Amino acid sequence: MPNCLVCENKIEPFMSFGKMPIANGFLIPAQFDNEYFFELKVGFCAECYMVQLTEHVEQEKMFHENYAFFSSTSNWMSKHFKNVADMIMSKYLNSESPFVVEIGSNDGIMLKNIASSGVPHLGIEPSSNVAQVAKAKGINTISKFFNEKLAASIVQEYGHADVFYGANVMCHISYLHSIMTGIKKLLKPNGTLIFEDPYLGDIIDKTSYDQIYDEHVFYFSVSAIKKLVEQHDLEIVNVEKLSVHGGSMRYFIANKDTRKIENSVTEQLEIEKNIGIHLKPTYEKLSISIEKSKDKLLRLLKSLKEEGKTVVGYGATSKSTTVINYCGISDELISYITDTTPIKQGKYSPGKHIPIRTHENFTANYPDYALLFAWNHSQEIFENERGFLKNGGKWIEYVPKVGLKE
Ligand code: SAH
Ligand code: TYD
Ligand code: ZN
């Protein structure tokens with residue numbers, strides 16, 4: 001059995017999705033023969049409660065100069081991150097020399113709001129193509145992987161930070177102890193670590209197994225984060241449940257015994273106890289639900305094909321790579337996937353090589369059905385795609401349940 005990346009205890013794998021390609025590895029036909037695969041397998045640590053992958057893809061294989069995920073493709077997420085910036089600036093910059101550091105700052109979706117307010121900031125974004133977009137917006141960005149060593153050099157060059165922020169990135173990093181040590185070095189003694197990631201409680205509740213892919217090394221819960229940060233003399237002082245990305249949790253962390261601990265922390269720990277986040281059978285049940293979800297989705301897609309309906313995918317998400325490859329969905333079941341991201345268009349989906357087409361392609365010739373891979377953006381998408389419904393089109397959803405949208 002593999003060892004836990006956090007506490008080194010043995011972890012118990014509870015689900016294998018089989019061979020998987022890189023979730024954001026959109027490719028051209030010349031690359032099909034050399035495509036990289038690994039076994040996507042997820043396990044639970046009964047000692048520190050951290051749910052995690054058991055095989056890991058090298059970070060340079062996932063985050064590089066051709067990274068395909070651009071945060072600013074969602075207007076709703078832009079608003080979300082504007083609110084984050086406002087919260088940081090109004091509540092967490094008490095000092096006379098404010099400084100905000102963000103890791104995984106991507107195309108600057110959050111930091112642009114900090115930069116435009118003239119607050120000293122630094123974005124750390126190893127994928128150089130997305131980092132370049134942020135730089136072009138005037139956001140101070142370095143294109144490196146954050147770790148303990150980089151933290152020390154940032155302190156030397158810029159001094160200590162009031163806030164260290166990360167959205168949908170902490171769960172991507174296998175070397176969490178180095179990250180925590182680096183954050184401690186980088187923060188002022190009364191500084192705040194704030195991060196948000198997809199929440200394990202939602203994955204269990206909604207059977208949203210498509211959150212499981214190479215980039216997501218960890219599936220965080222308050223229970224597991226508590227144990228992790230305690231090892232670094234830090235403590236969770238507040239948590240906030242968020243609706244973004246299909247259900248996320250935001251953690252506020254400070255040096256031990258420096259802040260009041262909000263009730264939200266104990267309340268959420270209690271909720272997690274009731275869900276059984278610390279118990280192995282919870283994950284055995286989850287794996288059964290995942291298999292059922294797969295069977296149901298395949299049955300639905302196959303029956304639509306038999307009826308001669310046209311079906312396309314909506315949103316070439318990283319999440320869709322898990323669904324498509326685990327369920328074995330080929331271009332016979334889904335003729336193409338529509339996505340607004342230029343770098344994905346004209347390429348093929350990882351593993352099953354379904355073509356990625358523009359949004360214009362979708363609107364010019366609506367299909368009978370669209371399988372909503374970007375289900376986490378459903379409100380934004382349903383608002384924008386009234387024309388599809390008017391045209392008689394129907395949405396297929398698979399989270400939280402497989403079925404047609406009523
Ligand atoms: N924060 C953005 C982007 C999330 S995608 C949002 O929520 O929309 C994750 C990002 O983290 C990618 O852009 C990736 O390049 C970056 N990343 C991955 N490992 C990192 C590391 N060790 N340090 C800093 N950034 C990292
Ligand atoms: P997202 O669900 O945010 O992330 P992940 O890759 O982590 O699963 O990805 C959304 C994808 O959907 C992204 O490639 C952009 C695309 N998209 C559209 O094509 N149209 C839209 O209206 C929205 C909101 C997203
Ligand atoms: Zn552990």
Side-chain angles (χ1 to χ4, degrees), residues 3-11 23-24 26 43-52 59-60 62-64 67-78 80-81 84 101-111 123-131 134 142-147 150 165-176 178-179 182 195-198 210-211 213 215-217 224 227-228 244-246 248 313-322 337-345 356-359 362 372-385:
N3 290 85
C4 173
L5 288 169
V6 175
C7 76
E8 291 181 8
N9 230 65
K10 295 282 173 215
I11 42 178
N24 267 312
F26 298 90
F44 164 66
C45 175
E47 193 65 32
C48 76
Y49 312 145
M50 191 64 93
V51 173
Q52 57 199 280
Q59 57 184 4
E60 291 80 4
M62 301 185 283
F63 311 115
H64 41 62
Y67 188 53
F69 179 73
F70 286 71
S71 302
S72 298
T73 43
S74 159
N75 290 328
W76 281 48
M77 290 310 294
S78 280
H80 170 79
F81 286 116
V84 170
V101 174
E102 183 185 12
I103 57 168
S105 47
N106 201 274
D107 57 12
I109 190 166
M110 196 289 280
L111 276 183
I124 301 160
E125 177 43 70
S127 298
S128 56
N129 61 332
V130 295
I142 49 174
S143 199
K144 286 195 174 149
F145 288 97
F146 181 75
N147 56 26
L150 187 65
Y165 179 73
N168 308 300
V169 56
M170 292 289 274
C171 73
H172 292 53
I173 309 178
S174 60
Y175 41 95
L176 275 183
S178 164
I179 297 294
F195 64 91
E196 59 190 74
D197 287 283
D210 57 351
Q211 292 288 5
Y213 55 88
E215 291 182 20
H216 290 173
V217 177
K227 289 209 174 209
L228 167 73
V244 295
H245 285 305
S248 295
Y314 196 102
T317 55
S318 335
K319 296 183 287 291
S320 71
T321 295
T322 296
I337 304 169
T338 176
D339 196 288
T340 53
T341 317
I343 197 175
K344 296 180 184 176
Q345 294 162 352
I356 314 298
R357 304 244 166 93
T358 61
H359 184 246
F362 177 73
L372 187 58
F373 286 129
W375 57 270
N376 46 309
H377 300 294
S378 61
Q379 272 181 294
E380 177 173 2
I381 292 169
F382 294 158
E383 248 180 54
N384 292 339
E385 300 293 358

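Ligands are counted one by one from 1 in listed order, and the atoms in each one are counted from 1 as well. Predicted model only: the values in this text are computed from it and were never measured.
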Quiz prompt | Backbone or side-chain N or O of Thr341 under 3.5 Å from ligand 2 N or O | solution = yes

Self-check item: Atom indices of ligand 2, in the order listed, that fall short of 4.0 Å to a heavy atom of Asn376
Solution: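 The atoms of ligand 2 under 4.0 Å from a heavy atom of Asn376 are 1 (P), 2 (O), 3 (O).
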
Practice problem: Applying side-chain contact (heavy atoms from CB on, under 4.5 Å), run through Lys319 and Tyr213 and close with a yes or a no. | Solution: CA-CA 7 Å; Lys319 296 183 287 291; Tyr213 55 88; 3.9 Å; yes

Quiz item: Sub-3.5 Å donor-acceptor pair from the side chain of Glu102 to the main-chain atoms of Met110, do we have one?
Solution: no

Self-check item: N or O pair under 3.5 Å between Glu380 and ligand 2
Solution: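 In this structure, Glu380 places no N or O atom under 3.5 Å from an N or O of ligand 2.
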
Quiz item: Any idea which residues sit under 4.0 Å from ligand 1, heavy-atom distances?
Solution: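 Phe63, Tyr67, Phe69, Ser71, Phe81, Ile103, Gly104, Asn106, Ile124, Glu125, Pro126, Ser127, Phe145, Phe146, Ala167, Asn168, Val169, His172, Ile173, Tyr175.
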
Quiz prompt | Under-2.8 Å protein N/O/S neighbours of the Zn ion (ligand 3), ordered by chain then residue number | solution = Cys4 SG, Cys7 SG, Cys45 SG, Cys48 SG

Exercise. Return the residue, atom name and 0.1 Å-rounded distance of the protein heavy atom closest to atom 21 (C) of ligand 2.
Key: Ile381 CG1, 4.0 Å

Practice problem: Go through ligand 2 atom by atom and flag the ones less than 4.0 Å from a non-hydrogen atom of Gly315. | Solution: 12 (O)

Quiz item: Under 3.5 Å, N or O to N or O, is Asn24 touching ligand 2 that way?
Solution: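 No, there is no polar N/O contact under 3.5 Å.
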
Quiz item: Can you list the atoms of ligand 2 that are under 4.0 Å from a heavy atom of His245?
Solution: 3 (O)

Exercise. Pick one of side chain, backbone, both or neither for how Phe69 approaches ligand 2, counting any non-hydrogen atom pair under 4.0 Å.
Key: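 Answer for Phe69: side chain.
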
Practice problem: Test Tyr314 against His359 for side-chain contact (heavy atoms from CB on, under 4.5 Å), laying out the working first. | Solution: CA-CA 9 Å; Tyr314 196 102; His359 184 246; 3.7 Å; yes

Quiz item: So, does Asn9 use its side chain to make a donor-acceptor pair with the main chain of Cys4 at under 3.5 Å?
Solution: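 Side chain of Asn9 to backbone of Cys4: no pair is present.
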
Exercise. Please tell me if the side chains of Val101 and Phe146 come closer than 4.5 Å, counting only heavy atoms from C-beta onward.
Key: no

Quiz prompt | Contacting atoms of ligand 2, where contact means under 4.0 angstrom from a heavy atom of Tyr213 | solution = 7 (O)

Practice problem: Answer yes or no: does atom NZ of Lys144 have more than 12 heavy-atom neighbours from other residues, nucleotides or ligands under 6.0 Å? | Solution: no

Quiz item: Do Glu125 and Tyr67 have side-chain N/O donor and acceptor atoms under 3.5 Å apart?
Solution: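 Per modelled atom types, Glu125 and Tyr67 side chains form no pair under 3.5 Å.
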
Exercise. Could you tell me how the ring of Tyr165 sits relative to the ring of Phe81: parallel (under 30°), tilted (30 to 60°) or perpendicular (over 60°)?
Key: perpendicular

Quiz item: Are the side chain of Glu215 and the backbone of Met62 linked by a donor-acceptor contact shorter than 3.5 Å?
Solution: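 Answer holds: no.
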
Practice problem: Using modelled atom types only, decide if a donor and an acceptor are shared between the side chain of Lys227 and the backbone of Glu47 within a distance under 3.5 Å. | Solution: yes

Practice problem: Return yes if some donor-acceptor pair links the side-chain N/O of Ser105 with the main-chain N/O of Gly108 below 3.5 Å, else return no. | Solution: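 Checking the backbone N and O of Gly108 against the side chain of Ser105, no donor-acceptor pair under 3.5 Å is found.
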
Self-check item: For atom 9 (O) of ligand 2, the protein heavy atom that lies nearest, with its residue and separation
Solution: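 Atom 9 (O) of ligand 2 sits closest to the protein heavy atom Thr317 CG2, 3.5 Å.
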
Quiz prompt | Protein residue, atom and distance nearest to atom 8 (O) of ligand 2, heavy-atom basis | solution =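 That would be Lys319 NZ, 2.6 Å.
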
Quiz item: Within the distance-only criterion (no hydrogens, no angle test), does the side chain of Asn106 pair as donor or acceptor with the backbone N or O of Phe69 below 3.5 angstrom?
Solution: yes

Quiz item: To which protein heavy atom is atom 5 (P) of ligand 2 closest, and what is the distance rounded to 0.1 Å?
Solution: Ser318 OG, 3.2 Å

Exercise. Decide whether Ser318 and Asn24 meet the rule of one side-chain donor and one side-chain acceptor closer than 3.5 Å.
Key: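 Yes.
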
Practice problem: For ligand 2, note which part of His359 has a heavy atom under 4.0 Å away: side chain, backbone, both or neither. | Solution: neither

Self-check item: Any donor-acceptor N/O pair, Gln345 side chain to Asp339 backbone, under 3.5 Å
Solution: yes

Quiz item: Which protein heavy atom lies closest to atom 18 (C) of ligand 2, and at what distance to 0.1 Å?
Solution: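 Atom 18 (C) of ligand 2 sits closest to the protein heavy atom Thr340 OG1, 3.4 Å.
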
Quiz item: Is the side chain of Gln211 donor-acceptor paired with the backbone N or O of His216 at a distance under 3.5 Å, no angle test?
Solution: no

Quiz item: To which protein heavy atom is atom 3 (O) of ligand 2 closest, and what is the distance rounded to 0.1 Å?
Solution: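 Result for atom 3 (O) of ligand 2: His377 NE2, 2.8 Å.
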
Self-check item: Backbone N/O of Glu8 and side chain of Asn3: donor-acceptor pair under 3.5 Å
Solution: yes

Quiz item: For atom 13 (C) of ligand 2, what is the nearest protein heavy atom, given as residue, atom name and distance?
Solution: Asp339 OD2, 3.5 Å

Quiz item: Under 3.5 Å, is there a donor-acceptor pair between the side chain of Ser74 and the main chain of Met77?
Solution: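 Answer holds: yes.
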
